[in-house]
Amino acid sequence: MAKDLPPSDLSVVRRDVATAQGLPNAHYVDPVVFEEEKHAVLFANWAGLAVTSEVPEPGDAKPIEFLGIPLLLIRDKSGDVRVFQNICRHRGMILVSEPRKIEGAIRCPYHSWCYSTAGKLVSTPHVGGPGHNTHDAIVKEDLGLIEVRSHIWFNTVFINIDGQAAPFEEVHAGLLERWKDFDQPMYPGGPESHLTLRVKSNWKLAVENFCESYHLPWVHPGLNSYSRLEDHYNIAELGRYSGQGVTAYQQIKAEDGTVFPDFAGLDEFWNEGAEYIVVYPNVLLGAQREHCFSIVLQPNALSWTTEQIHLFYASDKTDAALRVENAARWKVVFDEDIWAVEGLQAGRFATEFDGGRFSPAMDNATHCFHDWIASQIEAHRAKSA
């Protein structure tokens, strides 16, 4: 933590929801605090990076920058999705500059060192002098690509940058049990099933907005006409995840009555139930009987966030026109949230705002997220002291 940062008192955030205040303004507008949260929250936990369908076939590779770190998402020749730092071990050159298929090896464009899609260093041309491709000082076995610890769940690629987090299955055991019905194949739709939204706000505000249904009547009047505020409930697993659920989910139907096929073997709850959960810190998930979605928040800067939205279906043979309509409906909802989240960001520059209050009846999920952020920062400060 920077020496010139006056540590914010987070004890007020960690109070019971009825008496707590939200995170102080600095956590949304101060670049020094953003740097602290980068390490305490986003590097120290299982953060979302991408979805597996971004590299659908063996050899597919996609460069992704995560908080300034150049990473490479790749599906190796064995079909496993992996994440590496996108640099050559020789002089740190960027290896892959745009999405493409690796036909043979990953070749560094600078000195032509080559790596397998599994990260093994396989070729070092002229490293021992012209015409000499080996040197005793260059041990290939020690110079493979730097792999980033990763885990795949719900078609989403989670990474742990500092490598110190407990196993994903341990951290999120409760959520994996809660949504065990969806531990089955999910299929991406066509191009219309991927949406990219750019929001001028701190990434945490997008999380907070997704957590709660309190804003539905005013921000989403169309949605609220068939998915009413009174049909929703709070979800708050302290220290792990939070969000909202609905007990009156209505399937989308074509004019002729066509619907998407359901996921197999679902509990009867999902006939009319749906849930929308934030997997801390930055992944927003939706689960319904016949389609799901994953939204990975990319915290590009202090007040700039990209939302990568991917829709998935229970079958790879779904009606294309219905997919288009479904994506369009969701886009309306997600677009409606943008002005609200950006308004929250602008409000954080009000010098007398103290973080606000929480309604114990309506904001429990949001408070749960604030409390978790505060806990991570406190743990980081204690470790750094």
Side-chain angles (χ1 to χ4, degrees), residues 1-48 160 162 164-166 170-175 178 201-215 233-244 277-284 297 299 302 341 344-345 347-385:
M1 183 172 62
K3 292 182 179 179
D4 60 348
L5 172 65
S8 51
D9 179 8
L10 298 176
S11 62
V12 67
V13 180
R14 307 211 63 195
R15 293 176 184 167
D16 178 84
V17 62
T19 60
Q21 293 173 201
L23 290 164
N25 282 353
H27 291 262
Y28 302 85
V29 303
D30 190 319
V32 179
V33 179
F34 181 77
E35 183 69 16
E36 180 184 34
E37 287 188 354
K38 180 173 76 173
H39 294 278
V41 176
L42 293 157
F43 286 0
N45 291 283
W46 288 101
N160 173 220
D162 74 4
Q164 301 302 307
E170 177 182 325
V171 173
H172 293 296
L175 180 54
R178 184 185 190 106
S201 84
N202 185 274
W203 66 276
K204 294 191 298 299
L205 291 172
V207 171
E208 294 169 28
N209 179 74
F210 187 84
C211 275
E212 49 99 338
S213 58
Y214 194 2
H215 65 282
Y233 56 90
N234 296 324
I235 299 169
E237 181 71 23
L238 192 63
R240 292 292 183 265
Y241 61 86
S242 62
Q244 53 172 305
I277 284 176
V278 180
V279 184
Y280 299 162
N282 68 323
V283 176
L284 320 180
L297 301 177
L302 174 61
V341 172
L344 291 168
Q345 179 67 28
R348 286 297 185 159
F349 288 92
T351 56
E352 300 305 314
F353 184 65
D354 61 2
R357 301 298 189 274
F358 300 99
S359 161
M362 304 301 291
D363 293 322
N364 193 37
T366 305
H367 172 256
C368 187
F369 175 65
H370 279 236
D371 178 80
W372 181 79
I373 291 287
S375 75
Q376 299 304 295
I377 294 171
E378 288 181 341
H380 178 74
R381 289 175 178 174
K383 186 184 296 185
S384 303

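Between Ala26 and Val33, the closest heavy-atom pair is O-CB, 3.5 Å. Here the shortest heavy-atom pairing between Ile377 and Ala40 reads CA-CB, 4.1 Å. Across Cys211 and Phe369, no two heavy atoms sit closer than the pair SG-CB, 4.5 Å. Of all non-hydrogen atoms in Ala165 and Ala44, the two that sit nearest each other are CB-O, 3.6 Å. Nearest heavy atoms, Arg15 versus His367: O-NE2, 3.0 Å.
Distance CD/Gln21 to OG/Ser11: 9.5 Å, rounded to 0.5 Å.
Within a 6.0 Å sphere centred on CZ of Phe34, heavy atoms belonging to other residues, nucleotides or ligands number more than 12.
Using a 4.5 Å heavy-atom cutoff, the side chains of His27 and Val13 are not in contact. Between Leu205 and Asn209 the shortest side-chain heavy-atom distance does not fall below 4.5 Å.
Both cation-pi conditions hold for Lys204 and Tyr28: the charged atom is under 6.0 angstrom from the six-membered ring centre and inside a 45 degree cone around its axis.
Formation of a donor-acceptor pair under 3.5 Å by the Asp363 side chain with backbone atoms of Glu212 is not found in this model. Under a 3.5 Å cut-off, the side chain of Asn160 and the backbone N or O of Phe43 do form a donor-acceptor pair. With hydrogens and angles disregarded, a donor-acceptor distance shorter than 3.5 Å links the side chain of Asn202 to the backbone of Leu302. A distance-only check finds no donor-acceptor pair linking the side chain of Gln345 to the backbone of Val29 [under 3.5 Å]. Panel note: side chain Asn282, backbone Leu297; a donor-acceptor pair is recorded below 3.5 Å.
Residues His380 and Glu36 bring no donor and acceptor atom of their side chains to less than 3.5 Å of each other. A side-chain donor from one of His39 and Glu35 sits under 3.5 Å from a side-chain acceptor of the other.
Residues that satisfy the side-chain contact (heavy atoms from CB on, under 4.5 Å) test with Arg240, not counting sequence neighbours, are Val171, Glu237.
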